Every structure is written in structure tokens, then in C-alpha cells.
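Have a look at the structure below, then the notes.
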Amino acid sequence: MGGFTSDIKSIYWPETRTLVALALPICGAQLAQAGMSVVDVIMTGRHNATDLAAVSVGSSLWMPLMLFMTGTLMGLTPIVAHLLGGQRNHDIRPAVHQALWVALALGLIAAGLLWVAVTPIFELMSVPPSVARESAAYLSAVAFGMPGIALFQALRAFSDGMNHTRPALWISLVGLTVNIPCNYVLIYGGEGLVSLFGAHTPDSVQQLPALGAFGCGIATAISMWTMAIAMAFYTRRGSTYRSVSLWKQLTPPNLAGIRELVVVGVPIGVAIFVEVTLFTLIALFIASFGEVTVGAHQIALSYTTILFMLPMSLSMALTVRVGNTLGQRRLAMARKVAWNGITISVIVAAINSTLLWFTAPTVIALYTSNTEIQALALTIIALAVIFQLSDSLQVNLAGALRGYKDTRIVMVITVLSYWIVGLGGGHWLGTYGLGGLSDPMGVHGYWIGLIAGLSTAAVLLAWRLKKISQQE
């Protein structure tokens, strides 16, 4: 008992404080970046319904691409964390440069897809012509920002791996600050500025055209490049990075360095892409259940997504801490760091579930005044309370495994758990029920499927972490 108490004081409590200190700025950065999407929706919605639909449809295409790029570039974080922990700072600079080359390539590919592939997709989805036209214009503008956001994410992964997570928070807030006025000027044009500043608005400014969804896309691209340039400037001037000399001399593309990042990072990108498509497909299946069901589902999902930001941020911080410790070749300590992080994730999930349970009626009322939607959303929230534990566990187990650079097995577990158990099981329960034991469960069946899929992932990832942490 005395030894365990001593471990709490000397190991677990200091480690918990370090983990939380790393995670909170990451959480703030995630919220700031999510805030850009919220601002886009609100501001285009106030312009007209067509622009709102165009931005909503367009976002469903570029966001998965961005998240795949982000996940792939997150592979740099454990690489840098290992090198930093092993005091191999001279190897960090070439590793980051290879990530920047990969980021540039991914950004250009994503931009190309947004320029050439969206029209056939809109035709396949039977998107109304007016919405398709505006959405294509919106995406053509966003495409210019994709290389910028990819470079930002690579530099952010480097900074996170250096145990320096606050810059991403401040620079994400800068991006949000730039996004709002750019949106206002470009979406509403001169008329919007006149309504804001009145007769004092110069005549030349009053003549600015209202670009609607296209203007929103330009504002998004400007914000993306602002964040990339700000992050590059900070990593050049920040004292934390002087030991790396990141911008001293650019390393040319190197196949071995690129291969290491791709091997670690692409499975992370695929896993994140799979998770995003899971929720997208469920939303499409649920659409046939009617407006009330769709509204209730989206409200429950929106609220739980906000709460999920902290567990996800803990997961990213846990990758850094496990990677640092492994780089120091303290294998037993790395195991303690990993499982301490998992314990913290359970505590956070319990707090989130309690918050969700007690605040649900008030928060749902903020989303809608429709009593039918409110009542259905409350029943979904009852399932979401359980969902919080499974989701927090699986994402932090995956984060610990990323610290071990063990990402391919995580990808396989994610695909099987999400698509077969989560989507497949949820669709069966929602459409057919439990054979003769129950009627079709509708939206509740899909949420039960989600819980089952995430719980399956958590169990399998826990088995994998236990196995790999004992082998190391």
C-alpha cells in the first residue's frame, strides 16, 4: 500500500499534471478550428438559403480530405517525441522537413480533387443545380487553402511532439479572428459593410460585390494560409525550437524519411477518415426517418462532439508523453504513462457523461423549440451517456498506441469495429430490430450500434496496448 501511495506522488500525479497541461491547449485549438466551421454556417445562413446549403454540402467534401491529411501528418508527432526523448535533436529537423514535403504533396492533391472531382459527385448525389453551382465555386476557393492547412498541421504536429502545444491554440485563434472579418467582407460585400458602419463607409468599399458561398471559400483559404505562415514564423523565432534549427537549411525529399512518416501516419489518417465516414453514412441512413428524427440525431451528435474534444485532446497529448518516454528507453515507465492516461480518460468520460445527463434538457432547448425533436433528442442523449465512456476509452487507447508508433493494427481494429460492428450492427438494429425479439429500433438502433462498435474498438485496442507495452 505504501509503495502504491509513493507511486501516486512520484509518478502518477506529476504525469497527470503534465498530460493535462499538454491536452488543454490542444482542446482549445480544436475548438477554435471547429469555430471556423460554425462561423461559416452562421454567416452564410444569414446571407441566403442557397449559400448555406452550398457551404454545408461543400464542407462534407473538403473536411474529410483535411482530416485525412491531418491524421497522416499526426504521424510526425510520435516520431519527434521519440527523437526528443532520446535527445536526438539533430534528427528532428530532417524528419520535419520530410513531413513538410508530404504535407505539400497532400495539399496539392486535395486541391486538385476539389477542382476536378466535385461536379461528378454532385451529379451522383442529385444536388440541386443552384446549390451545386455555388458549392463548386466555394470548393474551388477552399482548394487554394488546402496546401496551407496541410503545412500548418505538419508544423503543429512537430510543435506538439516537442511538448509545446500552446502555439497551435493561439494560432488557431488567429485563424478564427481572420476568418470572421474576411467572411463578412467577402460574403456580404459592400452592402454588409454599409449595414455595419453606416454612412461612414467609403464609396469604393460600398461597391464591393457580395460573393456569398464563393466569398466564404476565399475567407477560409485566407485563414488557412494565415495559420500556416504564423506557425512557420513562430517555429522560426520561438526559443523552444532553437535546438532543432528547423529553418536553417531545407532538407530535400528523402525516401526513407518520407516512408517512415507514411508508415506511421497513413493508418492514422485512414482511421480518422473511417470514423468521419461512419457518422456521414449514418446521417444518410437516418435521413429516411423524417425531419424530427434527423433533427434530434444532429442535436445529440453536435453536443456530444463538443464534449468529445477533451478526450480527443488527451489522446493527442498521450501520444506525446508515451513517445517521449519510449525515446528515453524507459520502457516500464512508458507502460505506466500509457495506462495512467487511460485512467484519466475514464475520469473525463465520467465527468462528460454527468454533464451530458444534467444539462441535456437545457442545451437541447437552445438548439430547437420543437417539442417532438426535444423529446426524441433526450432519449438519444440517454444512450450518448454510455457512448461517452466507449468513445473516450477507444480514442485514448489509440493515442497511447500511436506513441508506440503502432498504427497499422489500430487502423485494422478501427475499420472492423466502426464499419462492421458500428455501422453494420446499427443499420440492422435500426432497420430490422432483433428478429422476432423487437421491432426496428430506428435512430436508437444506430446509436446502439455506435456504442457496440466503439466498445469493440476499446476492448481490442486495450488488448493490443497490453500486449505491445509488455513486449517493449
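Just so we're clear, the structure is a prediction, and the values are computed from it rather than from any experiment. Numbering starts at 1 and runs along the sequence shown.
Residues W463 and L397 fail the side-chain proximity criterion, which asks for heavy atoms closer than 4.5 Å. Counting only heavy atoms from C-beta outward, the side chains of L314 and I344 approach each other to under 4.5 Å. When side chains are defined from C-beta on, L186 does not count as touching C216, because their heavy atoms never get closer than 4.5 Å. Using a 4.5 Å heavy-atom cutoff, the side chains of L84 and N89 are in contact. A 4.5 Å side-chain heavy-atom check between V421 and L416 finds every atom pair outside the cut-off. At least one side-chain heavy atom of M231 sits under 4.5 Å from a side-chain heavy atom of S159. The shortest side-chain heavy-atom distance between Y418 and T277 does not fall under the 4.5 Å cut-off.
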From CA spacing to verdict: side-chain contact (heavy atoms from CB on, under 4.5 Å), N396, V348: CA-CA 11 Å; N396 278 277; V348 169; over 6 Å; no

What do the steps show when you test L450 against I282 for side-chain contact (heavy atoms from CB on, under 4.5 Å), and what is the final call? CA-CA 10 Å; L450 280 174; I282 287 176; 3.7 Å; yes

side-chain contact (heavy atoms from CB on, under 4.5 Å) evaluation trace for V276 with F68: CA-CA 9 Å; V276 172; F68 173 76; over 6 Å; no

Begin with the C-alpha distance, continue with both residues' side-chain angles, and end with the deciding distance and a verdict on side-chain contact (heavy atoms from CB on, under 4.5 Å) for L24 and L310. CA-CA 7 Å; L24 289 179; L310 184 52; 4.2 Å; yes

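Between the T165 side chain and the L22 main chain, a donor and an acceptor come within less than 3.5 Å of each other. At least one donor-acceptor pair closer than 3.5 Å links the side chain of Q98 to the backbone N or O of P252. Side-chain N or O atoms of N324 include one that pairs as donor or acceptor with a backbone N or O of A81 at under 3.5 Å. The backbone N or O of L454 lies less than 3.5 Å from no partner atom in the side chain of D391, so there is not a single donor-acceptor pair. At least one donor-acceptor pair closer than 3.5 Å links the side chain of S135 to the backbone N or O of G58. For S392 (side chain) and L389 (main-chain N/O), no donor-acceptor pair under 3.5 Å exists by modelled atom type. Using modelled atom types, no side-chain atom of S353 and backbone atom of A350 make a donor-acceptor pair closer than 3.5 Å.
The minimum heavy-atom distance between V263 and P267, with the atom names listed, is O-CD, 3.2 Å. The two residues P311 and V395 make their nearest non-hydrogen contact at O-CG1, 3.8 Å. Between A154 and L76, the shortest heavy-atom distance links the atoms O-CD2, 3.4 Å. Residues T77 and A157 approach most closely at OG1-O, 3.1 Å, considering heavy atoms. The heavy-atom pair separating M309 from A34 by the smallest distance is CE-CB, 3.9 Å. In terms of heavy atoms, T456 sits closest to S417 at CG2-OG, 3.7 Å.
Atom NE2 of H90 and atom OG of S245 lie 12.5 Å apart (nearest 0.5 Å). Separating the CG atom in L261 from the OG1 atom in T72 is a distance of 7.5 Å, to the nearest 0.5 Å. Note: L318 CG to E15 CD = 8.5 Å, rounded to the nearest 0.5 Å. Rounded to the nearest 0.5 Å, atoms OG (S223) and CG (N179) are 4.0 Å apart. Interatomic distance, CZ of R236 versus CG of L155, reported as 13.0 Å (0.5 Å rounding). Taking OG from S313 and CG from L31, the interatomic distance works out to 7.0 Å, rounded to the nearest 0.5 Å.
The one candidate from M227, M316, M74 that meets the side-chain contact (heavy atoms from CB on, under 4.5 Å) condition with R156 is M316.
The salt bridge (charged side-chain N to carboxylate O under 4.0 Å, His left out) pairs that include a residue from residues 89-102 are R88-D91, where partners are two or more places apart or lie in different chains. Residue pairs meeting the salt bridge (charged side-chain N to carboxylate O under 4.0 Å, His left out) criterion with at least one member in residues 164-182: none, sequence neighbours excluded. Within the structure, the salt bridge (charged side-chain N to carboxylate O under 4.0 Å, His left out) test picks out no pair touching residues 209-234 (sequence neighbours left out). Every pair passing side chain to side chain donor-acceptor pair (under 3.5 Å) that includes a residue from residues 405-416 is listed here, sequence neighbours excluded: E260-K405, D406-R464. Pairs engaging residues 18-43 under the salt bridge (charged side-chain N to carboxylate O under 4.0 Å, His left out) rule: none recorded [sequence neighbours left out].
Every residue two or more places apart in sequence or in another chain that forms a ring pair (Phe, Tyr, Trp, His ring centres under 6.0 Å) with F387 is listed here: W447. Residues satisfying the ring pair (Phe, Tyr, Trp, His ring centres under 6.0 Å) test with F308, not counting sequence neighbours, are none. Residues forming a side chain to side chain donor-acceptor pair (under 3.5 Å) with S172 (at least two apart in sequence, or on another chain): Q33. By the ring pair (Phe, Tyr, Trp, His ring centres under 6.0 Å) test, F158 is found to be paired with Y241, residues two or more places apart in sequence or in another chain being considered. In terms of the side chain to side chain contact (heavy atoms under 4.5 Å, CB included) criterion, residue partners of L307 (sequence neighbours excluded) are, by chain and number, Y303, N352, L355, L356, Q388. Taking H97 as the reference, nothing meets the ring pair (Phe, Tyr, Trp, His ring centres under 6.0 Å) condition, with sequence neighbours excluded.
At a cut-off of 3.5 Å, with distance as the only test, a side-chain donor of S315 or R402 sits close to an acceptor on the other residue.
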When the side chains of residues 139-153 are checked against the rest of the protein, which donor-acceptor pairs come out under 3.5 Å, sequence neighbours left out?
from : atom 1 : to   : atom 2 : distance (Å)
S140 : OG     : A137 : O      : 2.6

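Within a 6.0 Å sphere centred on CH2 of W339, heavy atoms belonging to other residues, nucleotides or ligands number more than 12.
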